[in-house]
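Lettering follows sequence order; numbering is per chain, from 1.
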Protein chains: 2
Amino acid sequence: MSAPVVALSGGVGGAKLAQGLSDLVDGEALTVIVNTGDDFEHLGLHISPDIDSVVYAMAGLDDPRRGWGRRDESWAFMAALTALGGPDWFALGDGDLAMHVERTRRLAAGVRLGAVTQALATALGVRARIVPMSDDAVRTRVHTDQGVLAFQEYFVHRRCEPRIRSFRFEGVERARAHAAAIGALRDPGLRAVVICPSNPFVSIDPILAVPGMRAALGQVCAPVIAVTPIVGGRAVKGPAAKMLAELGLAVSGESVAQHYAGLIDAFVFDVADGQAPAPAGPPGMRGFRLDTLMRGPEERRRLAAEVLALADRLAAEGFTGRAGRVRALDPSG
Amino acid sequence: MSAPVVALSGGVGGAKLAQGLSDLVDGEALTVIVNTGDDFEHLGLHISPDIDSVVYAMAGLDDPRRGWGRRDESWAFMAALTALGGPDWFALGDGDLAMHVERTRRLAAGVRLGAVTQALATALGVRARIVPMSDDAVRTRVHTDQGVLAFQEYFVHRRCEPRIRSFRFEGVERARAHAAAIGALRDPGLRAVVICPSNPFVSIDPILAVPGMRAALGQVCAPVIAVTPIVGGRAVKGPAAKMLAELGLAVSGESVAQHYAGLIDAFVFDVADGQAPAPAGPPGMRGFRLDTLMRGPEERRRLAAEVLALADRLAAEGFTGRAGRVRALDPSG
């Protein structure tokens, strides 16, 4: 059994790296803590876009070109829904729909989101533990120049066009961190915590906002490493770059690294963003540079291996756990 | 505008004749009162199998070979649901699913079943009025040698294998007949009421059990004609023959005619069930014989035309409305 690893992930980009990690970390030794701030009710269905992206990637069912949903998907439901005059702004593939319908059915029967997620993932052959940040409802609200929008309203219906002002994670104060997430972070044998290349504001921040999550991250006995979602001054996918700009920040890995200051031990920049040596991260953090673009399964696995090697290197260089982090690591890179 | 016609219908067989009638009766002049005793909740969805069969037939979307659901249907949802370990005993096509999801969404938003049905049918190009027997929930329970079963549990999950003892239409005492159904039956210009070739026990009886429905049928000013669901001693589709036998009745058109005694003016037997002259119906009813098998759209239209001609003939022969029925019509055929 390999040493345990924890990943924090949003949807697409995060799911790719999480899948790469699952190639290298045995079964349940990998715990992926997934954002549920994007979850919403649509057509009476409980939709968990980030959980589904992670589950599909782990199960080898994700569509690598489209970047969301299932591969070899068909769209007869959407065509029929449109013909009926139903709300068709959120695309639901025929196979994908089964996930939402079955999740909703099980939740209505009283099973909690974490247990439903694990059961559905297991049914699809996933052996890693996929854990929602919380069983309790947390809903990301986007404050924009056009008012406060529910996340999917902003993200899908309005195509991220409104200008961002801030974010709020409704219900997060009362949400309890999922016990399996906290348990995995407290594992004394932990090898690494990887913050996947997901949107820092709407994918990772909701996870970090769940009470107890930052504290648990502050106590882990392994290096915490974040991978940039910004490559060549652009987001690989999604609105991260647009959000950085609208918040008055440089569209760069440095901005994301700064966002995680105090939380992580190392930040992985992309090779497209300058030549070696890697830019220094903010104080208390080391910067590294890797090819972070994951064009196919091989590259997911390769990046995952490099990030784990990096964690091992930090540990070998004298990392003594988060409590001793600032002392043990040279912040200059 | 053609003279108004009312049809009472269950699913498949009834839907075929209702569609034939819609070829001959202009738009809203045709009202189809549909059984909702088969309705059920499944996977969190409100499924109305008979309404859907009628709507699909009217919209030209029915699958004439399978006999239910939509033509050119795909099954990616069911395959994915099965892979997830979800309940897959009730087959839901990808396109069909849109009907259930959108109906459920609108009902949850507070729209009543009749209004939802009309809106969805209109969206699919149906111009006839398709009216559920009631907006209120009525649920057929089948009393069998294996206990009391919900209708779809008996019909689909158990494949009609348990032996029938009786039927109960749960909630029917409190159900209000749909106003559009009663209004159509009261129309002073009514040309005919057609009881379609549907199962008398579980498709037509639930309609007749709704308070006010029998009384309204007793007062109509047009001939009431039922078409046999039994052809050549067998049900064209479904468990009608098995039910007749298990209830100790002959599997014949006569048994069905007898079942409707006092309610109808004429019964249409199939040509496969003997040679002319037609068997006499029970007292107070005339028997006729037609080719009732509807193999394709042409035959639906032909049978509908023949049934309407029969109604016109009854009227021409001195039919003076239901109150004068027994006096006006010669019960010997």
A:Arg159 atom CZ: more than 12 heavy-atom contacts under 6.0 Å: no
So which residues of residues 18-47 of chain B are in contact with chain A at a heavy-atom cut-off of under 4.5 Å? B:Leu43
Does B:Arg71, at its CZ atom, have more than 12 non-hydrogen atoms belonging to other residues, nucleotides or ligands within less than 6.0 Å? yes
Pairs involving residues 83-96 of chain B, ordered by first then second residue, that meet side chain to side chain donor-acceptor pair (under 3.5 Å) (sequence neighbours left out): B:Tyr56-B:Asp96, B:Ser74-B:Asp94, B:Thr82-B:Asp88, B:Asp96-B:His100
B:Leu81, B:Leu84, B:Leu61: which one forms the most heavy-atom pairs within less than 4.5 Å of chain A? B:Leu84
Looking only at heavy atoms, which of residues 104-128 of chain B get nearer than 4.5 Å to chain A? B:Arg105, B:Arg106, B:Leu120, B:Ala123, B:Leu124
Do other residues, nucleotides or ligands put more than 12 heavy atoms under 6.0 Å from the CD atom of B:Glu298? no
Taking side chain as everything from C-beta outward and backbone as N, CA, C, O, which of these in A:Met99 sits under 4.5 Å from a heavy atom of chain B? Side chain, backbone, both or neither. both
Please determine whether the number of non-hydrogen atoms from other residues, nucleotides or ligands lying under 6.0 Å from atom CZ of A:Arg174 exceeds 12. no
Of all heavy-atom pairs between B:Pro87 and A:Glu102, which one has the smallest distance, and what is that distance? CD-OE1, 3.3 Å
Under the side chain to side chain donor-acceptor pair (under 3.5 Å) test, residues paired with B:Arg139 that sit two or more places apart: none
